[in-house]
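Encoded as structure tokens, the structure appears first; notes follow it.
Each chain gets a letter, A, B and so on, in the order the sequences are listed, and its residues count up from 1. Just so we're clear, the structure is a prediction, and the values are computed from it rather than from any experiment.
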2 protein chains.
Amino acid sequence: MDVAEARAEDALNALVRLLDGDLEACNRTIVAHMASQVPLIPQLAAHIVAAGGKRLRPLLTLATARLCGYPGTTGGMRHVKLAACVEFIHTATLLHDDVVDESVLRRGLASANAVFGNKASVLVGDFLFARAFQLMVEDGSLAVLGVLSAAAATIAEGEVLQLATQNDLSTSEERYLDVVKGKTAALFSAACQVGALVADRPGREAAALAEFGLNLGIAFQLVDDALDYAADQTVLGKTIGDDFREGKITLPVLVAFQRGDAAECEFWRRTIETGEQTEADLDRAVHLMERRGAIRATIDRAARFAVTAKQALMTFSDDPLRGALLDVTDYTVSRAR
Amino acid sequence: MDVAEARAEDALNALVRLLDGDLEACNRTIVAHMASQVPLIPQLAAHIVAAGGKRLRPLLTLATARLCGYPGTTGGMRHVKLAACVEFIHTATLLHDDVVDESVLRRGLASANAVFGNKASVLVGDFLFARAFQLMVEDGSLAVLGVLSAAAATIAEGEVLQLATQNDLSTSEERYLDVVKGKTAALFSAACQVGALVADRPGREAAALAEFGLNLGIAFQLVDDALDYAADQTVLGKTIGDDFREGKITLPVLVAFQRGDAAECEFWRRTIETGEQTEADLDRAVHLMERRGAIRATIDRAARFAVTAKQALMTFSDDPLRGALLDVTDYTVSRAR
């Protein structure tokens with residue numbers, strides 16, 4: 001783990017400590033509600049839910065609820081339950097993404113798909129998605145149900161749009177950002193809005209937190225896309241070059257293609273559009289990105305979204321939780337520097 | 001189309017006529033809510049939603065709502081919207097089932113999966129599922145949301161259980177029925193309960209309709225399982241022998257295996273458990289089922305569930321709608337005779 005990665009983890013850990021047991025309660029809720037009489041469900045779900053993810057999205061729900069004055073464990077546990085819903089929706093999309101992307105590694109472990117097969121990944125994803133809605137119904141807030149069902153639809157649209165842009169180097173940056181907003185930022189935004197709703201702050205605070213989550217989510221995904229060409233595999237915990245091998249259109253590719261000379265454009269067309277790749281091509285791709293500053297441009301763009309995210313938090317007065325969320329935002333970007 | 005199939009369609013058409021435009025309104029609602037800025041979504045959804053399915057599940061919601069005194073189009077359109085939700089959930093499971101089962105034909109058309117690929121089927125299924133929940137949130141009934149989110153979780157559990165029993169001839173009939181209740185009957189039951197809830201009949205009527213739907217759904221699936229070994233392909237509109245080729249454990253197989261002699265058991269072990277099949281094996285399987293009365297036994301079992309379903313409807317007083325639902329139940333079974 002390098003220094004930037006370690007500091008990013010420190011920022012998350014500081015946030016967790018401020019939440020005073022909420023994350024642990026959320027983890028217990030997650031495990032309790034994965035239960036099913038069908039043994040394969042908790043087995044497979046545990047493989048991915050309990051695989052040591054950072055729980056970033058449920059942390060956002062817990063933190064924003066507290067930031068909005070929700071009384072926490074002494075006053076109620078709604079925020080914990082709804083944070084678990086957010087993680088279930090996220091896990092369902094990961095499971096379905098495993099089917100989609102044929103990822104070999106996810107968080108450094110064999111992906112659920114590689115171990116259990118396509119069918120099980122689809123169906124257990126469906127189960128977790130349904131279970132999330134059952135928990136929301138138990139909670140009883142139609143406003144929360146509205147935010148998270150809309151986010152779920154937007155996520156699916158973003159993923160389908162990503163499919164439509166795959167292998168297509170004529171994709172505009174705007175369209176790429178639409179994909180990112182859908183597949184990643186919509187759930188970040190919804191997770192933060194839910195925090196405001198559970199604390200009965202549906203107006204200005206909910207809007208500010210939706211804006212914060214949306215921009216943080218975009219920054220997070222841009223950094224992720226950069227790391228897919230730049231990270232040390234042991235740090236990132238996923239296979240480097242996944243996006244490249246799948247011909248996924250991301251900002252580093254678009255920038256390198258747009259700034260490349262004729263030979264470079266030919267290289268990108270062959271590897272991304274027609275999908276003809278040799279062993280040495282990933283190294284060449286990384287080299288061309290470095291030459292054209294494509295990773296740097298992507299991180300810079302992420303940093304600008306992070307600034308917008310932090311500005312949205314200025315709606316709230318100074319507070320240790322606000323400070324921790326600002327730090328998490330900073331380190332989301334700096335883990336890639 | 002043979003006589004039994006034609007009479008089954010007549011029974012459905014009689015029900016549709018009694019509903020006085022509700023089904024047409026439901027179809028319009030379905031088309032309107034498949035809309036998305038991502039063109040692949042309505043394209044793919046239309047392929048399966050508009051492919052001329054019988055709309056049996058939304059018809060159950062529409063019919064039970066009216067049977068419970070819901071005023072229909074003059075008094076409100078909640079039942080129409082919720083019937084569309086039921087169809088969206090059903091369509092999502094079909095799309096995900098395409099991924100799962102590698103079906104070549106569905107309703108006589110190329111399956112969405114064969115045309116658009118695994119990825120798109122998973123993601124558009126997710127979109128329709130999310131859209132169903134958005135529509136339910138718009139409707140605003142937590143009771144309806146509770147019934148349909150629970151059904152969605154049960155469907156996923158049933159599908160996973162089916163996966164766990166695949167290729168396993170030691171599966172008990174009870175476990176097979178658990179699969180059927182989950183993957184099929186749960187949504188039939190929920191569709192009927194929703195009819196009662198929308199008509200503000202959450203007590204005795206909702207319970208009776210849940211019972212009706214559950215038993216009708218089991219009967220329907222048993223007949224479907226029988227037809228997979230017995231139907232004329234042009235009638236059923238799906239590939240005969242799908243279940244056989246996938247090594248799916250269904251009642252016809254269990255009965256033929258249990259009643260078979262040593263050579264027959266050896267045949268079933270080879271074809272279903274180890275999946276080694278030759279061209280001639282499907283004919284042999286159908287022949288052995290006829291010899292052992294396995295199709296007959298399956299249909300008889302279906303008929304008993306149909307009787308239980310009809311008894312549940314006796315909670316309601318005599319009424320043309322009740323009569324039409326009784327006819328639909330009868331012809332669900334007799335289409336296989």
Side-chain angles (χ1 to χ4, degrees), chain A residues 36-41 44 89 92-93 95-97 99-102 116-164 166 178-179 182, chain B residues 36-41 44 89 92-93 95-97 99-102 116-164 166 178-179 182:
Chain A
S36 164
Q37 290 167 306
V38 181
L40 185 58
I41 289 177
L44 197 154
I89 292 174
T93 66
L95 282 164
H96 288 186
D97 207 42
V99 173
V100 164
D101 289 340
E102 293 157 5
F116 297 95
N118 259 351
K119 301 184 181 191
S121 289
V122 174
L123 299 174
V124 175
D126 289 350
F127 175 78
L128 291 179
F129 198 58
R131 182 55 49 105
F133 277 90
Q134 281 187 285
L135 280 171
M136 286 183 254
V137 171
E138 264 183 42
D139 176 69
S141 161
L142 281 167
V144 167
L145 276 156
V147 165
L148 284 173
S149 60
T154 304
I155 292 167
E157 285 181 301
E159 298 264 10
V160 175
L161 189 60
Q162 173 168 272
L163 205 55
Q166 198 151 337
D178 284 343
V179 170
Chain B
S36 164
Q37 291 167 306
V38 181
L40 185 58
I41 289 177
L44 197 154
I89 292 173
T93 66
L95 281 165
H96 288 185
D97 208 43
V99 173
V100 165
D101 289 339
E102 294 158 4
F116 297 95
N118 258 351
K119 301 184 180 193
S121 290
V122 174
L123 298 174
V124 175
D126 289 350
F127 175 79
L128 291 178
F129 197 59
R131 184 54 49 100
F133 277 90
Q134 282 187 285
L135 280 171
M136 286 183 251
V137 171
E138 264 182 43
D139 175 69
S141 161
L142 281 167
V144 167
L145 276 157
V147 165
L148 283 173
S149 60
T154 304
I155 292 167
E157 284 180 303
E159 297 264 10
V160 175
L161 189 60
Q162 173 168 271
L163 204 56
Q166 198 151 337
D178 284 343
V179 170

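- Note on B/Ala130, B/Ala92, B/Gly146: by heavy-atom pairs under 4.5 Å with chain A, the leading option is B/Ala130.
- Applying the side-chain hydrogen bond (donor to acceptor under 3.5 Å, both in side chains) criterion to B/Asp139, with sequence neighbours excluded, gives B/Arg78.
- Checked by atom type, the side-chain pair B/Gln134/A/Ser149 shows no donor-acceptor distance below 3.5 Å.
- How far CE of A/Met136 is from CG of B/Leu145: 9.5 Å, rounded to the nearest 0.5 Å.
- Exactly one residue among A/Val122, A/Thr93, A/Asp126 makes a side-chain contact (heavy atoms from CB on, under 4.5 Å) with B/Asp126. That residue is A/Asp126.
- A perpendicular orientation is assigned to the rings of A/Phe129 and B/Phe133, their planes being inclined by more than 60° (bins at 30° and 60°).
- The shortest non-hydrogen separation linking A/Glu157 to B/Ile41 is CG-CD1, 3.6 Å.
- Heavy atoms closer than 4.5 Å to chain B are found nowhere in A/Glu138, neither backbone nor side chain.
- Across A/Val160, A/Thr154, A/Ile155, the residue that shares the most heavy-atom pairs under 4.5 angstrom with chain B is A/Val160.
- Looking at A/Ala164, there are no atoms closer than 4.5 Å to chain B (heavy atoms on both sides), in backbone or side chain.
- Every residue was checked against the side-chain hydrogen bond (donor to acceptor under 3.5 Å, both in side chains) condition with A/Ser141, not counting sequence neighbours, and none meets it.
- Distance CG/B/Leu161 to CG/A/Leu123: 11.0 Å, rounded to 0.5 Å.
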Worked check of side chain to side chain contact (heavy atoms under 4.5 Å, CB included) between B/Glu159 and A/Lys119
CA-CA 9 Å; B/Glu159 297 264 10; A/Lys119 301 184 181 191; over 6 Å; no
